Amino acid sequence: MEYNFNAIEKKWQQFWKENKTYQVQIDTNKPKYYVLDMFPYPSGAGLHVGHPLGYIASDIYSRYKRLKGFNVLHPMGYDAYGLPAEQYAIQTGQHPAITTKNNIARYREQLDKIGFSYDWSREVRTCEPDYYQWTQWAFIKMFNHYYDTNLQKALPIENLIKAFEVNGTNGITAAFTEEISFTAADWNAKSDIEKQELLMNYRIAYKADTMVNWCPALGTVLANDEVSEGVSVRGGHPVEQKIMSQWCLRVSAYAQRLLDGLEVIDWTESLKDSQRYWIGKSEGAEMKFKISLPPAPSERGGECLPYQTADLYSYALLKELSEIHRKNTTEAESVLWSVLRNKSLSGYKFRRQHIIDKYIVDFVCLEKHLIVEVDGGYHNRPDIQEADKVRTFILREKDFEVIRFTNDEVINNIHVVLEKIEKKLNSIEIQPKLDQTISPSVGGGRGEASLTVFTTRADTIYGVTFMVLAPESEYTQLVTTAEQKSEVDKYLHKVKNRTERERLADRKVSGVFSGSYAINPISGTEIPIWISDYVLAGYGTGAIMAVPAHDSRDYAFAKHFNLPIICLIEGADISEESLDAKEGIMMNSGFLNGLNVKEAIQKAKDYIKENNLGRVKTNYRLRDAIFSRQRYWGEPFPVYYKDGMPQMLDEKELPLELPEVDKYLPTEKGEPPLGRAKNWQTKEGYPLELNTMPGFAGSSAYFLRYMDPKNNKELVSKEANNYWKSVDLYLGGIEHATGHLIYSRVWNKFLYDIGEICEDEPFKKLINQGMIQGRSNFVYRLVLPIEFKEKIYISKKYYDLLEKENISNIELQEFQKEARRQISKVNSELVERLEKLNSITWNKQGIHVDVNIVDNDVLNIEEFRNHPKYKQDAKDAIFILEDDKFICGWAVEKMSKSMDNVVNPDDIVEKYGADTLRLYEMFLGPLEQSKPWDTNGIDGVHRFLKRLWSLFYKGEEYIVTDEDPIADELKILHKTIKKIEWDIENFSFNTSVSAFMICVNELSSMKCSKKAILSDLVVLLAPYVPHIAEELWHVLGNKASVCDAKFPVFNEAYLVESVVKYPISFNGKVKFTLELPADMNKEEVEKTALANEQTIKQLNGNAPKKVIVVLGKIVNIVL
RNA sequence: GCCCGGAUGGUGGAAUUGGUAGACACGCAGGACUUAAAAUCCUGUGGCUUCACGGCUGUGCGGGUUCAAGUCCCGCUCUGGGUACCA
């Protein structure tokens, strides 16, 4: 019998399918074990040989656990929503659902060939309504909950509403977007819409105006983890910052629990570190610095400040736009402007296309804080109505009244419009309120405002020599004096026009003095306030106290602008650089002098608290996740709009299915693709949300759904969840460290909080498999003068020779001679022409060649000549060979089509079988390490399987016997059992392949074909090479699947040796070995070793200084 | 810059607690079988040196600890990945 792997594999795959071998049910008699692979996005390119690496490892582990008596859940599914299918749809018009379905079918076909033990009856696809209804359901739950920072738990929003009704924000411990305060009376007086707007500040799923990563090329916003170095991770398109109203998830509320959870899960330290860094906790203090403000505008003649109603950050962005608007007025606007201009309305001055906060308003009377807006028909659209609501809300916050008119009203009833405006103007009583554009946290009136800073180094307060504000800070405008205004404006304009990328690339110090000063709350010194973009508005308070002596960024800034530097640490040398380390003894620091830094930090914090100068605070770098995508191929939000406010659909309405659209592009009005869907509204006629959910939505809870995939009443039943609990082993790529692995932890914690599931952490143990890189092959072509039509390829040896820097004339001549010889065999006329050339520079060119026509770096010249890709150049080319072979160069690169180095698992399975593929993938090297795929070694693994086979069959003859095994055979077997068990438990699969090889080699050389030995060996092998193991298992006379065999029990007794081979070393260098009885004691070993004649020779008449005997290990004699 | 890995023959890699460095494979060389090829099997294979026995040397580099270091400590170099003005 030959080892006919193709037939064997087909046969058993069919058997497993028919017998439902891999289907699992809840079985409370057995302990459970849950092994999960990160589910793939089914791309159009199919699987390459790198993809199954992790799947094979997890499959081995699953099968092993099953042999060990566990009830193993090992499911697979597809992360089916995603950009590539949508991009493809845009290009071809093919519905992404069809593309996705086809890709999934291809993936499945490829996966099936490898013989995985997945329970396919539990498959999930994120794009199927019966799956994504639970994504939508969770979103509704998140909308209806807030996060209690005191209980560290999500609670129903109703609780918060009740609290507001009784106490307002007093005593509230809820995670929020913005710190706001109001009384119960305030709350109860608010309209329903106003209440809804306020609640958005607390919901876990909320809608807000946020600075987003906008990718114009993809036409969508991206999450932080989808952007790398200013470009999109997928596609590498530029990304810019933009303010947009988006759905967000309050993941920041879970920051502390995400950190705490890391302590109890078994992930690699480096992965935990990435998450810790991403969460970015810093404990410090917030401190208020009083500012001596520039004189109020009235005192200066009101030159420019009253016009400065724009949020300065937006000003630079919007200024040009506002000018364009002014030049392109609508008819209605012109009509209205003609009467409002020149103070013709009761003497009130109006401005048009004025920037207020981040909006360009049509008309404004600054004196009365009245905004007049004229709207076209466009404002009847739901999304615009909604945006208008927000706009009105924000403008009201800034104390502006807004009245709106339609174009029709203005054009046809201008007198009615004017009457209304005039009435409104006269009714507004403007309180002499200052700082309208300043957030409420600025204390006091003009002249005694204060700025809050966040610092982790409260101890360095005496070293603060200046303050720095972020350019985008709302305080920037407040502290800018008239004298500095033009300078500041110039600076703000400059930094605003810079893209994120430019800012990152250019690390030059830049900044501008605001003209104002702040007072150090502890030392009382006056310090200048500067504005610079090295301070970020989004972190802390957007303002810092600069301590140049002990912060390198502050140091660079101080040096550049010649600001004072005060050293606070005894003995520190700060002449060249700052001392950032948190160590040393304090000096120049008043009450902190003499303390070490750690003590000083604590004491300074206590001081700040006691003296009411600020508060102790913890900041996190982790930001809320933006949850809207302006794309088609994603989960629709279960959201509709009523009076411009978002409302959740009833859970009974779920799933809200993704509608059909005619094109997968934004609408003419710039709405997302769902704007094209017909009747995209509720039964009552309310418009539905046009955004869809991002990629991580569907992947955040899929591991729960596998437990109970067909349940149409719940995400997962209590019974299933209580049995399967959470994932025991999760395998996947490291690239998900700060995306999926954060979001799914948050999602899981939320479901835990609301009592839907029983465990807080989803993935107990996690292993990252390394990437499989490609190994590319090159052919080298001589670059001949243009008049030569011939192509000449040279084998690697000659390429290397010509590459040599100091190539000798002799070497060159030898090469030329050989080249001449080989060329003349094919084309002697060419040799003549070549020799007529005065000088040949021997320029050469490396060209990627398809690795599939290269074997062990030897090019298959015939296939190369006829390969469609190379034909044109290669058809009649001349090959200069070495040893009659054409050897290719090689390099390790990414596995990709463009490198011509993609190896398809199907081809390997076809040629060697799935078992060889599985084993070879494991044999390549440690699971967690990245390594190149090099098909070269695969023969060795395949030969191993053949040798294993030959223990059972000699030719056509079945040679297994029932003889009793001898001690040596049992020793080999049990050595292997021990090794394999240890290896699997430690995910060291590459070494177990070696162990199997050693075992089979030894059994072969002993000609051992005893059933007692082979039976156990087959079970050991079954997790790795299930097909051949199943075949041999049945050959041995078993009727049931090898999957349900029992893992052999290791018996130490078989390994006991009667003799030990002692290496005898001198000064640590082994010279010879000595075989001694294992039960010999230390003294006897020493004596025997010293008496040995080789020892005497080594000692050369000298007495040893010392003899070390490690029993059972080694003897070392010190000379 | 910071954080986390890695560096061992021509190649992939092994050495689990400090105890014979290079297991197991690939490749290469030689041989057996064969008319021949494939397949299979056997032998050799870190480097230098020696006819040989053997000797010397050797785990990125420089130090150190130890009877003994690929493994532990200190200081570097190169390299892969993550991250980025986070106060």
Side-chain angles (χ1 to χ4, degrees), chain A residues 2 228-229 268-274 276-278 280-282 284 453-457 460 468 470 503-504 506-507 509 532-536 538-547 550-554 556-557 580 619-622 734-735 737-738 768 770-771 773 775 856-857 890 892 920 923-926 928-941 943-944 946-947 950 979 982-983 985-986 988 990-999 1001 1004 1061-1073 1104-1110 1112-1119:
Chain A
E2 280 277 298
S228 175
E229 294 184 17
T268 58
E269 268 318 297
S270 69
L271 181 55
K272 289 188 192 179
D273 278 346
S274 308
R276 285 192 191 106
Y277 185 76
W278 192 258
K281 179 178 183 172
S282 49
V453 300
F454 175 75
T455 179
T456 54
R457 292 293 302 271
T460 59
V468 187
R503 253 181 84 164
L504 280 174
D506 179 15
R507 311 194 117 251
V509 175
S532 171
D533 68 352
Y534 84 88
V535 174
L536 307 175
Y539 185 77
T541 60
I544 61 152
M545 56 176 228
V547 186
H550 303 291
D551 180 287
S552 42
R553 293 153 304 171
D554 298 345
F557 194 84
D580 293 17
N619 262 330
Y620 297 92
R621 202 175 78 110
L622 183 71
I734 185 76
E735 67 273 17
T738 51
N768 292 120
M771 279 227 309
Q773 297 148 308
R775 187 181 186 275
N856 278 332
D857 292 339
W890 60 274
V892 172
Y920 186 58
F923 187 64
L924 272 178
E928 302 187 40
Q929 208 168 290
S930 287
K931 57 237 160 188
W933 175 268
D934 182 357
T935 311
N936 285 349
I938 201 164
D939 288 322
V941 168
R943 248 170 247 158
F944 158 75
K946 284 196 200 164
R947 265 202 303 276
S950 70
K979 174 80 178 144
W982 194 94
D983 280 349
E985 299 278 359
N986 291 280
S988 175
N990 55 325
T991 51
S992 36
V993 181
S994 309
F996 283 130
M997 287 174 171
I998 293 167
C999 179
N1001 286 350
S1004 300
K1061 247 189 190 167
Y1062 278 97
I1064 312 297
S1065 58
F1066 295 83
N1067 287 342
K1069 286 187 177 124
V1070 175
K1071 295 294 175 185
F1072 60 95
T1073 56
K1105 283 201 188 107
K1106 200 173 175 186
V1107 179
I1108 284 128
V1109 176
V1110 183
K1113 280 266 164 76
I1114 200 167
V1115 177
N1116 192 16
I1117 298 167
V1118 188
L1119 299 175

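Keep in mind it's a predicted model, so treat the numbers as computed, not measured. Throughout, a chain's letter reflects where its sequence line sits, starting with A, and its residues are numbered from 1.
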Taking the [atom1] atom of each, how far is [N] from [M], in whole Å?
| N | M | atom1 | value |
| --- | --- | --- | --- |
| rC78(B) | rC72(B) | P | 22 Å |
| rA14(B) | rA21(B) | C1' | 10 Å |
| rG62(B) | rU8(B) | P | 16 Å |
| rU79(B) | rC41(B) | C1' | 42 Å |

N/O to N/O distances under 3.5 Å, protein versus nucleotides 15-22 of chain B:
| unit_1 | atom_1 | unit_2 | atom_2 | d |
| --- | --- | --- | --- | --- |
| rU16(B) | O2 | Trp982(A) | NE1 | 3.0 |
| rU16(B) | O4 | Lys979(A) | NZ | 2.4 |

When all nucleic acid strands are considered with a 4.0 Å heavy-atom cut-off, which category describes [X]: base, sugar-phosphate, or nothing?
| X | value |
| --- | --- |
| Arg276(A) | nothing |
| Leu924(A) | sugar-phosphate |
| Pro932(A) | nothing |
| Asn990(A) | sugar-phosphate |
| Ser994(A) | base |
| Arg775(A) | nothing |
| Lys1105(A) | nothing |
| Tyr1062(A) | nothing |
| Gln929(A) | sugar-phosphate |
| Asp857(A) | nothing |

Watson-Crick/G-U partner (both atom distances under 3.5 Å) of [N]:
| N | result |
| --- | --- |
| rG70(B) | none |
| rU35(B) | none |
| rC53(B) | none |
| rG10(B) | rC26(B) |
| rG5(B) | rU79(B) |
| rU65(B) | none |

For a 4.5 angstrom cut-off between non-hydrogen side-chain atoms, does [X] reach [Y]?
| X | Y | value |
| --- | --- | --- |
| Phe1072(A) | Phe1066(A) | yes |
| Glu269(A) | Arg276(A) | yes |
| Tyr920(A) | Phe944(A) | no |

Counting heavy atoms from C-beta on, name the nucleotide in [options] closest to the side chain of [X].
| X | options | result |
| --- | --- | --- |
| Asp273(A) | rC24(B), rC85(B), rC3(B) | rC3(B) |
| Lys1069(A) | rU57(B), rC85(B), rC24(B) | rU57(B) |
| Lys1071(A) | rC56(B), rA87(B), rG27(B) | rC56(B) |
| Arg621(A) | rA84(B), rC41(B), rC3(B) | rA84(B) |
| Tyr277(A) | rC56(B), rU83(B), rA87(B) | rU83(B) |
| Phe923(A) | rA84(B), rC85(B), rC24(B) | rC24(B) |
| Ile998(A) | rC24(B), rA87(B), rC56(B) | rC24(B) |
| Val1118(A) | rA39(B), rA84(B), rC67(B) | rC67(B) |

Answer yes or no: does a side-chain N or O of [X] lie under 4.0 Å from OP1 or OP2 of [N]?
| X | N | answer |
| --- | --- | --- |
| Tyr539(A) | rA87(B) | yes |
| Asn1001(A) | rA25(B) | yes |
| Lys1106(A) | rC67(B) | yes |
| Arg947(A) | rU40(B) | no |

Would you say CD of Glu2(A) has more than 12 non-hydrogen atoms from neighbouring residues, nucleotides or ligands within 6.0 angstrom?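 No, the 6.0 Å shell around CD holds no more than 12 heavy atoms from other groups.
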
Rounded off to whole Å, could you give me the [atom1]-to-[atom2] distance for the [X] and [N] pair?
| X | N | atom1 | atom2 | answer |
| --- | --- | --- | --- | --- |
| Asn768(A) | rC4(B) | CG | P | 17 Å |
| His550(A) | rC85(B) | NE2 | C1' | 19 Å |
| Asp939(A) | rA38(B) | CG | P | 13 Å |

Does the plane of the ring in Phe557(A) sit parallel, tilted or perpendicular to the ring in Tyr534(A)? Use 30° and 60° as the thresholds.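 Geometry flag for Tyr534(A) against Phe557(A): tilted rings.
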
Should Lys1071(A) and Ile1064(A) be marked as a side-chain contact (heavy atoms from CB on, under 4.5 Å) after you check the CA-CA gap, both sets of side-chain angles, and the distance that decides it? CA-CA 6 Å; Lys1071(A) 295 294 175 185; Ile1064(A) 312 297; 6.0 Å; no

Is it the case that the side chain of Asn986(A) and the backbone of Ser988(A) share a donor-acceptor pair, with hydrogens and angles ignored and the cut-off at 3.5 Å?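 Flag not set: sc Asn986(A) to bb Ser988(A) has no pair under 3.5 Å.
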
For the NZ atom of Lys931(A) and the CG atom of Asn990(A), what is their distance to the nearest 0.5 Å?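 Here the rounded value is 7.5 Å.
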
Checking side-chain polar atoms at under 3.5 Å, does Ser282(A) have a donor or acceptor matched by the opposite partner on Asn619(A)?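 No, no side-chain donor-acceptor contact under 3.5 Å.
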
Electrostatic pair Asp857(A)-Arg775(A), nearest N-O below 4.0 angstrom: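 Yes.
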
